[in-house]
Peer 1: 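Before anything else, here's the structure in question.
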Amino acid sequence: MPAPARHFIQEIIDEDLKTGKFGGRVHTRFPPEPNGYLHIGHAKSICLNFGLAAEYGGKCNLRFDDTNPVKEDIEYINAIMEDVRWLGFQWDGLYYASDYFEQLYQWAEQLIRAGKAYVCDLTPEQVAEYRGDLKGGKESPYRNRSIEENLDLFRRMRAGEFPDGSRTLRAKIDMNSPNFNLRDPVMYRILHAEHPHVGNKWCIYPMYDWAHGQSDSIEGITHSICTLEFENHRPLYDWFLDALGIYHPRQIEFARLNLTYTVLSKRRLVELVTEGHVKGWDDPRMPTIAGIRRRGYTPEAIRQFCKDIGVAKFNSVIDISRLENCVRDDLNRRAPRVMGVLRPLKVVIDNYPEGQVEEFDAVNNPEDASAGTRKVPFSKVLYIEQEDFRESPPKDYFRLAPGREVRLRYAYFIKCVGMTKDEKTGAVTELHCTYDPATRGGNAPDNRKVKATLHWVSAAHALKAEVRLYDYLFTKPDPDDVPEGQDYRANLNPQSLVTLTDCRLEPSLAAAKPGDRFQFERLGYFCVDPDSKPGALVFNRTVTLRDTWAKIESAQKKK
RNA sequence: UGGGGAUUGGUGUAACGGUAGCACGACUGACUCUGGAUCAGUUAGUCUAGGUUCGAAUCCUAGAUCCCCAGCCA
């Protein structure tokens, strides 16, 4: 039995444990900025950080990296906590970088006193200009102020004496460093803004680089795991900690998640919401945790997905079908089966007695014998799926057609003997069939076979419902694949939501509550939407079942 | 033109100088009262060129390609 594969971060931790680098501790953290909703990419990070802590018997904190009050909001703080919990994780400590602002301020004075930080009066444009280009930058004229003047100015910045943007506190490092992050990075900027967590206590706010490492240090984090784009920041992370002479965690970078047919940047997710391309952060088409949850995904499926895709430093793009496979796999085992007809086609069983009703036993879950059975009513007038009948069936189509016999699941074999059509459009509006009483329950005593088994509902007993069919938000695997001059919005899928309002479901669904998940046999997995009410059910399609016929059919069309 | 990373089947991911493996997909077939599920099989890969070595995905040299960095965002 080969040892299970370990990713590079586990190997680093193993090594640190062996050398006793952190006294045998493992302490991670998930550090979101509360400026948006969490998405599936964050789930990867959450599973990684909390998963590592669990695996090594360590701890994992949830810390809000709330250093930019103009973008942050209490709504996001609450949503993030809900999402982390929903994913199945419990943090050891709940912290806010903003609770460290006083300590951070004291440390800033320490650096000033050490001659390693200075107050700079350059405008934002000048700072950019002085930072220079690939060849090098030039030093700020304010770089060599005296310690006393710096201290005085910095205290007055804190006291609110200066307007936004007029001054900054910068670290004195190296204006010619090939790493731009070391060209005297800004530590504090003046921002007279109310903060969602600490209110109006501050008018100077620390930059990410100045806050993050020290926050990790305060919390005793051992392994500070972040995404690849922060690799360039690690020298600065290390520089601040060393300059301060405080406990020094280890920053490790991994590749963030990319998925086909969607976007995962916060900026774009905000745009989708604010520009009305979706109905909100929890729109089931969104790759947000809230959207995916509403769509009907399970936390187990998401965790399995995060495990499957692995952790590495290669910038990969994961095919979204991998995510879909995970939810199918999970729901296949757990979701109760029911019958529901999305696009109803009326079927009259000519030789079935008027007014008669029979009840058939239906298996709730073939993957789980303990799920038991339920009764499904059958009568003379039924609905089947429009897709399940073709007047002239193409090759390899083996559902219902004139003269053909199929099985109605759990009920009878029926044969199509006629149809009524709309005189104007020619569309088939009603089917006439006969049933074979000898096939009661679904098997023929003479052992004859049928090639198809259809789902159905009894017209008189069916529940009417709305069903929302979701498809990918974008029409191309890479939403950025656009003609010159256009952007990802050009690839928005106009069919990403199709609402069906005339669906018919078996009566056992009458008591279904928001969040309940089912497999509609032969169609897919569906979940009751929060908009649903007794008597006015609303379902979201989580994902279709694997559909071999659809594949055959689209291959035929291509020919 | 500077710096930091990366590169293994279609997509991900292992192999840590010694048989290139696994998962997903795709394709066959079996089975099936879901064209679902399940089972069996097939397919297909080390970025390039040199070198070291009995032996290289792995080490060395040169090159190619891709990603990130010049916010008072994170």
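Chain letters run A, B, ... following the sequence lines, proteins first and then strands; every chain starts at 1. Both backbone and side-chain heavy atoms feed into the values below; hydrogens, waters and symmetry mates do not.
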Peer 1: Heavy atoms only, 4.0 Å cut-off, all strands: where does A/Phe314 land among base, sugar-phosphate and nothing?
Peer 2: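 A/Phe314: backbone/sugar contact only, no base atoms under 4.0 Å.
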Peer 1: Determine the contact category for A/Leu122: base if any of its heavy atoms lies under 4.0 Å from a base atom, sugar-phosphate if only primed atoms, P, OP1 or OP2 are that close, otherwise nothing.
Peer 2: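 Base contact.
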Peer 1: For RNA chain B, whose closest nucleotide is more 5', that of A/Asp209 or that of A/Ile309?
Peer 2: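 In this pair, the answer is A/Ile309.
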Peer 1: Taking the C1' atom in each of B/rC31 and B/rC39, what is the distance between them to the nearest angstrom?
Peer 2: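 Result for the C1' pair: 8 Å, nearest Å.
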Peer 1: Would you call A/Asp446-A/Arg448 a salt bridge at under 4.0 Å N-O?
Peer 2: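 Salt bridge: yes.
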Peer 1: Between A/Asp216 and A/Arg63, is there a side-chain N and carboxylate O pair less than 4.0 Å apart?
Peer 2: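 A/Arg63 and A/Asp216: salt-bridged.
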Peer 1: Any Lys/Arg nitrogen of A/Arg234 or A/Glu253 sitting under 4.0 Å from an Asp/Glu carboxylate oxygen of the other?
Peer 2: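 Salt bridge: yes.
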Peer 1: Distance check: side-chain N/O of A/Arg334 vs OP1/OP2 of B/rA37, anything under 4.0 Å?
Peer 2: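 So the side chain of A/Arg334 is outside the cut-off, no N or O lying under 4.0 Å from OP1 or OP2 of B/rA37.
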Peer 1: For A/Phe398, report the nucleic acid contact type (base, sugar-phosphate, nothing); a contact means any heavy atom under 4.0 Å.
Peer 2: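 Since a base atom lies under 4.0 Å of A/Phe398, the category is base.
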Peer 1: Using OP1 and OP2 only, check whether a side-chain N or O of A/Lys551 sits under 4.0 Å from B/rA26.
Peer 2: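 So the side-chain polar atoms of A/Lys551 do come within 4.0 Å of the phosphate oxygens OP1 or OP2 of B/rA26, strictly under.
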Peer 1: Taking atom C1' in both B/rU43 and B/rU34, compute the distance separating them and give it to the nearest angstrom.
Peer 2: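 Rounded to whole Å, the distance is 29 Å.
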Peer 1: Do the side-chain N or O atoms of A/Arg409 get closer than 4.0 angstrom to the phosphate oxygens (OP1, OP2) of B/rG36?
Peer 2: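 So the side-chain polar atoms of A/Arg409 never come under 4.0 Å of the phosphate oxygens OP1 or OP2 of B/rG36.
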Peer 1: Any donor-acceptor pair under 3.5 Å linking the side-chain atoms of A/Thr453 with those of A/Arg407?
Peer 2: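 A pair is found: one side chain offers a donor N or O, the other an acceptor, under 3.5 Å apart.
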Peer 1: Identify whether any heavy atom of A/Arg328 sits under 4.0 Å from a base atom; if not, whether one sits that close to sugar-phosphate; answer base, sugar-phosphate or nothing.
Peer 2: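 Answer is nothing: A/Arg328 stays at 4.0 Å or more from every strand.
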Peer 1: Under 4.0 Å, heavy atoms only, any strand: does A/Asn315 hit a base, just the sugar-phosphate, or nothing?
Peer 2: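 Since only primed, P, OP1 and OP2 atoms lie under 4.0 Å of A/Asn315, the category is sugar-phosphate.
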Peer 1: Write down the distance separating the P atoms in B/rC54 and B/rG5, rounded off to the nearest Å.
Peer 2: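 Looking at atom P only, B/rC54 and B/rG5 are 33 Å apart.
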Peer 1: Do A/Gln519 side-chain and B/rU34 base share a donor-acceptor contact under 3.5 Å?
Peer 2: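 Such a pair is found, so the answer is yes.
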Peer 1: State which of B/rG35, B/rC72, B/rG36 makes the closest approach to the side chain of A/Leu545.
Peer 2: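 Nearest nucleotide to the side chain: B/rG36.
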Peer 1: Looking across every strand, which nucleic acid part, if any, lies under 4.0 Å from A/Asp164 by heavy atom: base, sugar-phosphate, or nothing?
Peer 2: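 The answer is nothing, as A/Asp164 stays clear of every strand by at least 4.0 Å.
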Peer 1: Between B/rU34, B/rG5, B/rU13, spot the one nearest the side chain of A/Glu231, thanks.
Peer 2: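 Nearest to the side chain of A/Glu231 among the choices is B/rG5.
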Peer 1: The side chain of A/Arg522 lies closest to which of these nucleotides: B/rU8, B/rG25, B/rG35?
Peer 2: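 Side chain of A/Arg522 sits closest to B/rG35.
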Peer 1: Select base, sugar-phosphate, or nothing to describe what A/Glu367 touches, counting heavy atoms under 4.0 Å on all strands.
Peer 2: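 The answer is base, as A/Glu367 lies within the cut-off (heavy atoms under 4.0 Å) of a base atom.
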Peer 1: Is a side-chain donor-acceptor pair under 3.5 Å present for A/Glu75 with A/Tyr37?
Peer 2: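 Side chains of A/Tyr37 and A/Glu75: pair found under 3.5 Å.
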Peer 1: With distance as the sole criterion, is a donor-acceptor pair present between the side chains of A/Glu324 and A/Tyr525 under 3.5 Å?
Peer 2: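 No, no side-chain donor-acceptor pair sits under 3.5 Å.
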Peer 1: When you check the phosphate oxygens OP1 and OP2 of B/rC73, does a side-chain N or O of A/Arg189 lie under 4.0 Å from one of them?
Peer 2: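 Answer is yes, contact under 4.0 Å.
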Peer 1: Does B/rG3 have OP1 or OP2 under 4.0 Å away from a side-chain N or O of A/Ser177?
Peer 2: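 Answer is no, no contact under 4.0 Å.
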Peer 1: Is the shortest side-chain N to carboxylate O distance from A/Glu385 to A/Arg399 below 4.0 Å?
Peer 2: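 So A/Glu385 does not pair with A/Arg399 through a salt bridge.
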Peer 1: How close or far is atom C1' of B/rC24 from atom CG of A/Asp329, stated in whole angstroms?
Peer 2: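 The distance from CG of A/Asp329 to C1' of B/rC24 comes to 11 Å, rounded to the nearest Å.
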Peer 1: Below 3.5 Å, does any donor atom in the side chain of A/Glu387 face an acceptor in the base of B/rG35, or the other way round?
Peer 2: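 Result: no qualifying N/O pair found.
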Peer 1: Give one of base, sugar-phosphate or nothing for A/Val70, where a contact means two heavy atoms less than 4.0 Å apart.
Peer 2: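 Nothing: the residue A/Val70, judged by heavy atoms under 4.0 Å, touches no strand.
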Peer 1: Closest to the A/Arg322 side chain: B/rU34, B/rG12, B/rA70?
Peer 2: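 Between B/rU34, B/rG12, B/rA70, the one nearest the side chain of A/Arg322 would be B/rG12.
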Peer 1: When all nucleic acid strands are considered with a 4.0 Å heavy-atom cut-off, which category describes A/Asn232: base, sugar-phosphate, or nothing?
Peer 2: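 The answer is base, as A/Asn232 lies within the cut-off (heavy atoms under 4.0 Å) of a base atom.
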Peer 1: With nearest nucleotides of RNA chain B determined for A/Thr168 and A/Lys451 from heavy-atom distances, which residue corresponds to the more 5′ nucleotide?
Peer 2: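 Nearest-nucleotide comparison on RNA chain B picks A/Lys451.
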Peer 1: Quick one: do A/Arg183 and A/Asp174 make a salt bridge, cutoff under 4.0 Å?
Peer 2: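 Answer for the salt bridge query: no.
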Peer 1: Test for a donor-acceptor pair under 3.5 Å between the base of B/rC16 and the side chain of A/Glu11, counting only N and O atoms.
Peer 2: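 Side chain to base: pair found, below 3.5 Å.
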Peer 1: Which part of the nucleic acid, if any, lies within contact of A/His455, taking any heavy atom under 4.0 Å across all strands shown: a base, the sugar-phosphate backbone alone, or nothing?
Peer 2: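 Nothing, no nucleic acid heavy atom in range.
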Peer 1: State the syn/anti category of B/rG71 according to its glycosidic angle, syn meaning within 90° of 0.
Peer 2: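 With its glycosidic angle within 90° of zero, B/rG71 counts as syn.
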Peer 1: Checking all strands, does A/Arg337 fall into the base, sugar-phosphate, or nothing category for heavy-atom contacts under 4.0 angstrom?
Peer 2: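 Touches a base.
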Peer 1: Could you check whether A/Leu408 gets within reach of a base, just the sugar-phosphate, or nothing at all, counting any heavy atom under 4.0 Å?
Peer 2: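 No contact.
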Peer 1: Remember a base hit wins even if backbone is also touched, and classify A/Tyr188 as base, sugar-phosphate or nothing at under 4.0 Å, heavy atoms.
Peer 2: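 It contacts nothing in the nucleic acid.
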Peer 1: Kindly say whether, by distance alone, the side chain of A/Arg399 makes a donor-acceptor pair under 3.5 Å with the base of B/rG35?
Peer 2: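 Yes, the side chain and the base share a sub-3.5 Å donor-acceptor pair.
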Peer 1: Please state the P separation for the pair B/rU48 and B/rG9 - nearest whole angstrom.
Peer 2: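 Roughly 10 Å separates the two P atoms.
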Peer 1: Taking the minimum atom-to-atom distance to the side chain of A/Lys313, which one of B/rC72, B/rG5, B/rG35 wins?
Peer 2: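 For the A/Lys313 side chain, the nearest candidate turns out to be B/rG5.
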Peer 1: For A/Arg517 and B/rG36, what is the distance between atoms CZ and P respectively, to the nearest whole Å?
Peer 2: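 To the nearest whole Å, that distance equals 24 Å.
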Peer 1: Output yes when at least one side-chain N/O atom of A/Thr548 is less than 4.0 Å from OP1 or OP2 of B/rG36, else no.
Peer 2: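 Looking at the OP1 and OP2 atoms of B/rG36, one of them is under 4.0 Å from a side-chain N or O of A/Thr548.
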Peer 1: Side chain of A/Asn68, heavy atoms from C-beta onward: which of B/rA74, B/rU11, B/rG35 has the nearest atom to it?
Peer 2: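 Within the option list, the nearest is B/rA74.
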Peer 1: Using a 4.0 Å heavy-atom cut-off, does A/Arg546 contact any base of the nucleic acid, only the sugar-phosphate backbone, or nothing at all?
Peer 2: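 A/Arg546: backbone/sugar contact only, no base atoms under 4.0 Å.
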